[in-house]
Amino acid sequence: MVFGAGIGIGMLTFATAEPMYHFAANSSTIMGLTEGSTAGNVRDAYVWSFTHWGLAAWAAYAIVGLALAYFCYRRGLPRIVFGDWLYTVAADGTRSSSTLGIPFALLVIIGASTLSALSGVGKGIKWLSNINMGLSFFVLFFFLVFGSTFFGLSAFFVGIWDYLLSIPGNLFTVWPADGTEQGDALAGWQGGWTIFYWAWWIAFAPFVGVFLARISKGRTIREYVLGALIIPAAMCFIWFALVGGTAIDLELSGVANGAIAGAGPSDQLFAVLAVILNETLAYLMSVIVVVLLLTYLVTSADSAVLIINTINAAGDEGPKARPHILFWGAALSLVVGGLILAGGLGTIRTAMVIGALPFSFVMLLMGLSLIRAVYRDGLREKHGLPTTHVEPTSAEPAASKD
């Protein structure tokens with residue numbers, strides 16, 4: 001459920017696309033330290049891929065979820081926390097989603113998501129999450145066996161080492177636009193990648209954080225950090241190393257002959273399958289990937305519908321909440337469809353960045369409040385005082401009156 005709600009769909013798409021992009025161009029190639037699309041640029045490609053999809057990404061989700069869960073479950077605070085007709089073809093032959101195709105896709109995805117949300121966390125969402133994780137491990141096992149295994153494993157271990165060493169520099173280095181060709185290029189690259197990712201994770205943090213809080217009741221802080229930060233980041237590293245590593249190795253060896261590098265970001269995974277498999281097997285694996293993408297999309301959307309309803313219904317999950325779930329499912333589809341039709345992904349990205357800036361200050365306050373609460377609970381425990389809120393029974397108020 002953590003992967004489905006938090007990062008699964010992006011991980012599946014960008015596990016190939018992002019290492020391939022940084023393999024061709026990154027800050028080191030701009031500064032002339034490495035040459036793009038060569039063996040000497042592989043390590044830098046994984047440093048930036050892991051920087052963007054590693055601990056910083058999951059930390060944004062984890063801090064919100066931990067703060068909400070801690071004050072809700074330990075302090076007993078209010079639980080409100082809780083076909084061709086689909087495309088248009090341009091004159092040059094390129095295809096894009098048609099105005100009719102977008103509502104159709106939203107109807108399928110949001111419809112399935114709403115039905116899943118109606119069944120609750122323990123049924124529809126959990127079942128879908130188990131299905132997409134099973135398919136994910138199948139695809140991962142496929143690349144482990146039939147992909148560039150040695151290259152991918154080398155990228156994994158060396159990439160983690162390089163990434164950990166690079167954290168202080170990469171997270172705290174800002175390249176300003178200084179009017180020079182190199183300075184402006186570095187500033188543009190950082191704004192389009194690292195800073196954009198910073199805004200993207202923070203913008204998603206409220207809904208993913210609430211979802212993490214809902215499914216983490218009864219866990220210790222240590223268990224929560226392991227399950228919501230360390231393990232998901234490690235899984236992303238494995239995906240990027242094996243899947244992206246296969247793509248890079250096929251291009252370096254000349255087997256792909258530019259077929260992968262020349263494909264669009266969302267098509268590069270399918271391009272890898274087309275290179276390493278015959279036409280029939282590539283088609284079958286592509287169908288599995290499409291099903292996996294759909295289940296990830298549905299899981300992300302139904303988590304969003306459920307969380308929006310939880311907040312607006314003050315935590316009510318009974319039969320009265322079902323009409324609200326239907327309403328929010330329809331509202332979500334209308335908002336997303338309107339943004340896509342109005343300006344495409346650029347409009348959605350702008351909206352995400354705008355929303356991330358103010359919430360970053362909220363996250364800072366949440367982190368400080370959490371540290372203060374844990375410290376004060378430590379003092380309470382030291383003096384033998386209870387640190388966990390206990391819900392009063394119905395008999396307790398009457399006894400107190402006597």
Side-chain angles (χ1 to χ4, degrees), residues 1-21 23 49 52-53 83-84 86-87 94-97 101-102 104-106 108-113 116 125 127-149 151-152 155-156 232 235-251 255-256 258-303 345:
M1 288 191 286
V2 170
F3 272 95
I7 212 169
I9 183 67
M11 181 184 70
L12 186 62
T13 301
F14 286 96
T16 309
E18 182 136 355
M20 282 295 298
Y21 183 94
F23 171 62
S49 296
H52 296 155
W53 290 80
D84 288 344
L86 295 174
Y87 299 94
T94 58
R95 298 193 304 174
S96 60
S97 299
I102 292 172
F104 176 79
L106 286 173
V108 173
I109 295 170
I110 300 297
S113 303
S116 177
I125 296 177
W127 293 342
L128 274 175
S129 300
N130 289 336
I131 290 172
N132 58 40
M133 282 308 297
L135 290 175
S136 296
F137 279 111
F138 172 77
V139 174
L140 195 61
F141 179 75
F142 168 84
F143 276 96
L144 182 63
V145 175
F146 299 102
S148 303
T149 306
F151 188 96
F156 174 73
M235 283 300 299
C236 285
F237 297 158
I238 293 172
W239 265 91
F240 276 66
L242 290 178
V243 181
T246 298
I248 292 176
D249 185 50
L250 290 172
E251 288 290 354
V255 174
I260 301 172
S266 60
D267 297 326
Q268 287 183 335
L269 176 57
F270 300 101
V272 173
L273 295 175
V275 170
I276 63 179
L277 297 174
N278 62 46
E279 185 176 352
T280 302
L281 291 178
Y283 178 81
L284 293 176
M285 279 298 300
S286 297
V287 170
I288 293 175
V289 170
V290 170
V291 172
L292 182 55
L293 286 168
L294 181 61
T295 57
Y296 269 131
L297 278 171
V298 171
T299 306
S300 299
D302 62 15
S303 303
L345 292 178

Any side-chain heavy-atom pair of Val291 and Leu135 under 4.5 Å: yes
Test item: Thr246 side-chain N/O and Ser148 main-chain N/O as donor-acceptor pair under 3.5 Å: yes
Considering all heavy atoms, the nearest Ala271-Ala263 contact: CB-CB, 4.1 Å
Backbone N/O of Gln268 and side chain of Thr16: donor-acceptor pair under 3.5 Å: no
Distance in Å, Leu250 CG paired with Met20 CE, rounded so as to fall on 0.5 Å steps: 9.0 Å
Minimal non-hydrogen separation, Phe240 against Phe14, with atom names: CE2-O, 3.3 Å
Atom of Pro265, atom of Ala17 and distance for their closest heavy-atom approach: O-CB, 3.5 Å
Non-hydrogen side-chain atoms of Phe270 and Val290 separated by less than 4.5 Å: yes
Point-to-point distance, once rounded to the nearest 0.5 Å, from CD1 of Ile260 to CD1 of Ile248: 10.0 Å
Leu242 side chain reached by Phe156 side chain, heavy atoms, under 4.5 Å: no
Atom pair CZ/CH2 of Phe143 and Trp239 - distance to nearest 0.5 Å: 7.5 Å
CZ-CG distance between Phe142 and Leu281, expressed to the nearest 0.5 angstrom: 8.0 Å
Between CG on residue Asn278 and CG on residue Leu273, distance to nearest 0.5 Å: 11.5 Å
Exam field: side chain Glu251 to backbone Ala256, donor-acceptor pair closer than 3.5 Å: no
Rounded distance (nearest 0.5 Å) linking atom CG of Leu269 with atom CE of Met285: 8.0 Å
